[in-house]
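In what follows, a structure is listed as structure tokens, so that the remarks can point back to it.
Please read all numbers here as calculations on a predicted model, not as lab measurements.
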Amino acid sequence: MKDITAVEAVAAIEAGTLTSEKLVRGYLNRIAQRVKAWAHLDPDQALSQAKAADATSGGLLRGIPVGVKDIIDTYDMPTGHNSPIFEGKVPFGDAACVALCRTANAVIMGKTVTTEFANRHAGATTNPHDSEYSPGGSSSGSAAAVADGHVPLAFGTQTGGSVIRPAAYCGVVGYKPTFGDFSRVGIKMQCHSVDTLGLMARTLDDIALFRAAVLKLPPVRIDREIGRPRIGICRSPVWDKAEPETKALIEETATRLSDKGASVIDVAFAAAFADIIDDHAAITGFESVRNYADERLRNPDKVSDELMNGPMKRGLAVSFDRYVAAQRKATAFKAHVDSLFEKVDLLLTPSAPGEAPKGLASTGDPVFNSIWTLAGTPCVTLPAGTGPRGLPLGVQLVGLRHADDRLLSLAAWVAAHLN
């Protein structure tokens, strides 16, 4: 079952050549603890849902198993946030995205491992390509579960780079939608100005299907006849953070796509936004320490030292005036990024500085993602070969806000010409 896509599985179930129960059993047999992707997994519960899906006709995700990041509420499973404060706690209801997937007849397979409150302190998940390396964070379990063939679809969330980066590290497709398009009801809030629900899968067609279910809309078919795009290479102000293999990948990808007929130009931010990454840090620091008020003040002994004396301490140091200034610059930055798309159809930029870091203590640097999270733009990472240690690399494609369907079609054109 590892290689079947969600789109293929839905078609087979509708045709009567596959059942959800058989599909779920196949995935359950595939799941191995070597990558430790799951915070909660009850095989009997998953199979019960699959049998119910088989007994019910229709549904956009008919019988397809979905992994749910463990900061997203599920009425019938614990939502633990990788914290002793919430261990074993079952919420009163589903998050909106989970409820919409159930309405689409999906199987909620279980809860995938997250860092503590989707912030820094890492969970036990390892990279499916080499267990000595990080799968990224904070959506580590979701990325690893999709990459290792446990589920075809999984939810992640992104405040800095927690969808795009782990997807790139694990070699799968990651999609962060335009800010605000997906409901965040029932998802643990870290930073209300930037937190974004995202999707992971192995193909762009599966992302399009999954996206339609979360929006409760008919799926929009990816247009593979979209034509040759205008591509802007955006190295961004943090280009010096990229490893040599990533710099080479971006340059080689641009050359390859140009040879295939794309128009390729260099695109840079206006000088006023050279330090925009610092504004992202100010906004997220100020908001997160306040959104974690209960955990920080009522249960300080149950919050990791890494979080308490790292992001929370830094957040307390951000003044309200600094926060307001950052918000004002972010507003101008979003308009500036929108204006870049007057000359290009999409931006090409790194998904991460390089390959996944060795060890599980660090989940990697989100520096190439935080900029776009603040901009509110839709982003897709595509697998794009491997680095010097044989681990996956990705390229990130950025689109115009609220033009996500077009970005997915343009990404399909890029994917078809990457090799």
Side-chain angles (χ1 to χ4, degrees), residues 33 35-42 67-95 98 108 110-126 134-145 154-163 165-166 184-197 281 283-318 357 359-364 366:
Q33 285 305 307
V35 299
K36 301 175 183 173
W38 297 92
H40 174 87
L41 181 68
D42 183 338
V68 178
K69 183 176 179 177
D70 198 28
I71 65 162
I72 301 174
D73 283 349
T74 42
Y75 84 89
D76 55 353
M77 303 174 189
T79 301
H81 307 282
N82 192 19
S83 167
I85 299 171
F86 293 94
E87 186 174 359
K89 301 287 180 64
V90 179
F92 74 91
D94 278 337
V98 174
I108 305 305
K111 308 302 286 291
T112 57
V113 171
T114 177
T115 58
E116 183 184 23
F117 305 130
N119 203 296
R120 281 289 181 270
H121 188 58
T125 308
T126 62
S134 171
S138 60
S139 306
S140 51
S142 290
F155 284 117
T157 62
Q158 181 157 313
T159 300
S162 299
V163 170
R165 188 175 79 263
R184 296 178 296 174
V185 171
I187 301 174
K188 178 70 172 174
M189 184 66 69
Q190 182 177 174
C191 302
H192 40 278
S193 294
V194 293
D195 282 2
T196 308
L197 176 69
I283 290 169
T284 56
F286 185 90
E287 291 183 355
S288 64
V289 77
R290 287 159 176 80
N291 288 330
Y292 295 146
D294 180 69
E295 292 82 7
R296 177 171 58 88
L297 299 174
R298 193 166 61 88
N299 294 283
D301 58 321
K302 294 181 179 179
V303 177
S304 70
D305 181 72
E306 184 178 4
L307 182 55
M308 186 71 81
N309 290 309
M312 287 190 182
K313 187 174 182 179
R314 291 193 295 271
L316 287 169
V318 178
L360 302 184
S362 170
T363 61

Residues forming a salt bridge (charged side-chain N to carboxylate O under 4.0 Å, His left out) with Lys188, sequence neighbours excluded:
Glu295
Residue set satisfying side-chain hydrogen bond (donor to acceptor under 3.5 Å, both in side chains) with Ser304, at least two apart, ordered chain then number -> Glu116
Does Ser362 use its side chain to pair, donor to acceptor, with the backbone of Leu360 at less than 3.5 Å?
no
Going by side-chain hydrogen bond (donor to acceptor under 3.5 Å, both in side chains), name the residues that satisfy it together with Thr74, two or more places apart in sequence or in a different chain.
Lys111
Tell me whether the rings of Phe117 and Phe86 are parallel (<30°), tilted (30 to 60°) or perpendicular (>60°).
perpendicular
If you look at every heavy atom in Trp38 and Ala145, which pair is closest and at what distance?
CZ2-CB, 4.0 Å
Quick one: does Arg184's side chain have a donor or acceptor within less than 3.5 Å of a partner on Asp195's backbone?
yes
Please enumerate all residues that pass side-chain hydrogen bond (donor to acceptor under 3.5 Å, both in side chains) together with Thr157, with sequence neighbours excluded.
Lys69
Looking only at atom types and distance, does a side-chain atom of Ser142 sit under 3.5 Å from a main-chain N or O of Phe155, one as donor and one as acceptor?
yes
Which one of Asp94, Ile108, Val98 satisfies the side-chain contact (heavy atoms from CB on, under 4.5 Å) criterion with Ile72?
Val98
Applying side chain to side chain contact (heavy atoms under 4.5 Å, CB included) to Val289 and Arg296, what does each step give before you reach the verdict?
CA-CA 8 Å; Val289 77; Arg296 177 171 58 88; 3.5 Å; yes
Which residues pass the side-chain contact (heavy atoms from CB on, under 4.5 Å) test with Ser140, sequence neighbours left out?
Val113, Thr125, Pro135
Do side-chain atoms of Arg165 reach the backbone of Gly161 as a donor and acceptor pair under 3.5 angstrom?
yes
Give a yes or no on whether the backbone of Thr115 and the side-chain of Arg120 come within a donor-acceptor separation of less than 3.5 Å.
no
Set of side-chain contact (heavy atoms from CB on, under 4.5 Å) partners for Ser288, sequence neighbours left out:
Gln190, Cys191, Tyr292
So, using side-chain contact (heavy atoms from CB on, under 4.5 Å) as the criterion, who are the partners of Ser134 when residues are at least two apart?
Pro357, Thr363
Given the rule in the side chain to side chain donor-acceptor pair (under 3.5 Å) test, do Asn82 and Thr114 qualify, once you have shown the distances and angles that lead to the verdict?
CA-CA 6 Å; Asn82 192 19; Thr114 177; over 6 Å; no
Does anything in residues 299-318 pair up under salt bridge (Lys or Arg N to Asp or Glu O under 4.0 Å), and if so which pairs, sequence neighbours excluded?
none
Kindly write out the residues that satisfy salt bridge (charged side-chain N to carboxylate O under 4.0 Å, His left out) with Asp76, not counting sequence neighbours, or none if the list is empty.
Arg102
Is there a side-chain contact between Ile85 and Val303 in this structure, where contact means two heavy atoms from C-beta onward sitting under 4.5 Å apart?
yes
Counterpart residues, side-chain contact (heavy atoms from CB on, under 4.5 Å), relative to Val90 (two or more places apart):
Pro78
Distance-only, no hydrogens or angles: does the Glu287 side chain make a donor-acceptor pair with backbone N or O of His192 under 3.5 Å?
yes
Of all heavy-atom pairs between Ser162 and Ser139, which one has the smallest distance, and what is that distance?
O-OG, 2.7 Å
For Asp73, which residues count as a side-chain hydrogen bond (donor to acceptor under 3.5 Å, both in side chains) partner, sequence neighbours excluded?
none
Between Asp70 and His81, is any pair of side-chain heavy atoms under 4.5 Å apart?
no
Of all heavy-atom pairs between Gly137 and Pro166, which one has the smallest distance, and what is that distance?
O-CD, 3.7 Å
